Amino acid sequence: MIDNGKSHDAALSRRTFLAGAGAVAGMAALAGITGCAPSTAAEKNSAAGESTGSYAFAKRQSDVADREQLSTDVLVVGGGGAGICAAISAAENGAQVILTEKLSQLGGATILSGGAIPVVGTNQQVEAGVEDSIFAMATDILRPTNYTVRPDLVYTVAENAKDLIEWTEKKGVVWNLDERGRFGQTARRMHIAEGTGEGLVTTLIEHMTAQDSITQMLSFEIEGLVLDDADAVVGAYGKYDGKDYAITAKNTVLATSGFANNPEMIAQYCPETADAVKVVAIGATGESLKWAEELGVELQCMGAYQGHAFRGVDSNTTAGHQALATNGAIIVNANGERFVNEYGGYSDLSPHVLAQPDHIGYICFTDIQAAKSKEFPERQSAGYVATGATAAELADALGIDAAALEKTFEAYKEGIAKGEDSFNRSHLPENFDEPYYAMKITGEIRHTQGGMPTDVAGHVIRPDETLIPGLYAAGGCTEGFSCRAGSVYSSGNGLIQALLFGMIAGKNAATEDKETAQLAVWEQGKTSE
């Protein structure tokens, strides 16, 4: 449940919404969050978010009075999945909305996604006879993080994802339950939009475009926020059609994505993925994070991101090689050495591959794995697969030292015979006998998972738990819940975060007054209204 501070139990600490979970039970007793990568710019202002009165990006209303003026109830900055959902949600809750997007088209990271989100309790699950629970979904997200991310965000997602499915279905989105399970998920709960990310976005855009109360302004570059004399956010300013504009709004929603397409920020916060292939939203350049920092926000989880370990080097495409690895393939480097337990998530494995010489790995497998790969015949016919009747022949085909690769294969075979290998891998094939195959892979980065902390209603929050009046945020520019830092990632986390919190932030931006909006605290076992 989202309680906007009006009736929650006084015993429930207001710090719960910012809790780093040491345990899921006893939510009311959780301790306050610790920043995993706090901003340095925020130190220019007080820890409580008090303004010095001087800003690099924000401007006072008097400073933008000479610009072209627009006015609206809700301003949404960013036209990806989070921004589109925020705009639709705000409009259906009675607001006039302006949505700005700095690029010439909508879609953001969502249009690049697989259009898949984890959801519990849907008609699709019921019809398929899938037994699942909110606790199981939340635990599957929290477990790989060692329970260090905010449980209020995770449980808000788990409890309200079904509402999101039904809400988007009313807009025309068709969701189908994935036929297979996903790594780390204990039940089939991934729902895939027809047409994947592109189909999802196209359907939502069509619905949004039909709403007279939403004005879309593409190629509008927002440069910063506008503040009143009390430091409340009252809109934003930027450039549109060659002119300087200021947009006054009762409330503003930032949905500007993360910083995966900003090399300087990647080098600062996620250096291990600096050499990854970028499969990212062009507009994910992180400027809104700087806007928030100077208002006293401490950015959270800035080292967290979604990677992908199975980028085919020769094909230059994202390859579906995780099935090979899951079913017993191994990955070696240019020295013929294994370096990781390959039975892992596609994102988790990415930095391990990128850390190898020239950021390259070779996924090696046999007929056992090839038979379980839908892509293998196509990859082989395209010439992307090296083959060898023996380990030595495969090594020659790859340009790897034959003795080293033979030693690696023999060690793996010994592990199979024992039932557990030297990398503690116990999910093993029946054998690893010739002939052998291999493909060259490297790592990708998809999107970052860190940013502004918000409460469960989408308010942007300072370290002392005060709101920044008039400011909401959703999606990739906000604090994620995949991990505190690194590549730990559960499938669908980024998309469900964007869509659900976009919907939530849009509704609250439309219905709340900045002067009276209060911290929203999650209460376990209840759903938002």
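Side chains are part of it too, since the values below use all heavy atoms of this structure and drop only hydrogens, waters and symmetry mates. All of these numbers come straight from a predicted model, not from anything done at the bench.
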Enquirer: If only atom types and distance count, is the side chain of Asn93 paired as donor or acceptor with the main-chain N or O of Ser89 below 3.5 Å?
Expert: yes
Enquirer: Examine the side chains of Tyr55 and Asp231 and answer whether a donor and an acceptor come within less than 3.5 Å of each other.
Expert: yes
Enquirer: Between Thr318 and Phe310, is any pair of side-chain heavy atoms under 4.5 Å apart?
Expert: no
Enquirer: Is the closest basic N to carboxylate O distance between Lys239 and Glu221 below 4.0 Å?
Expert: no
Enquirer: Can you confirm whether Lys514 is buried at NZ, in the sense that more than 12 heavy atoms of other residues, nucleotides or ligands lie under 6.0 Å from that atom?
Expert: yes
Enquirer: Is Arg189 salt-bridged to Asp140, cutoff N-O under 4.0 Å?
Expert: yes
Enquirer: Are a donor atom and an acceptor atom from the side chains of Arg338 and Asn333 found within less than 3.5 Å of each other?
Expert: no
Enquirer: Heavy-atom count around Ile282 CD1 within 6.0 Å, excluding the residue itself: above 12?
Expert: no
Enquirer: When you check the side-chain N and O atoms of Gln306 and Ser347, is any donor under 3.5 Å from an acceptor?
Expert: no
Enquirer: Hey, would you say the His308 and Tyr489 ring centroids sit under 6.0 Å apart?
Expert: no
Enquirer: Tell me whether the count of non-hydrogen atoms from other residues, nucleotides or ligands lying under 6.0 Å of CD in Glu198 goes above 12.
Expert: no
Enquirer: Looking at Gln105, I want to see if its CD is surrounded by more than 12 non-hydrogen atoms of other residues, nucleotides or ligands under 6.0 Å.
Expert: no
Enquirer: State, without any angle test, whether Gln497 and Thr478 hold a side-chain donor-acceptor pair at a distance under 3.5 Å.
Expert: yes
Enquirer: In chain order, what residues pass the salt bridge (Lys or Arg N to Asp or Glu O under 4.0 Å) check against Lys59, with sequence neighbours excluded?
Expert: none
Enquirer: Please determine, by modelled atom types, if Asp464 and Thr466 share a side-chain donor-acceptor pair under 3.5 angstrom.
Expert: yes
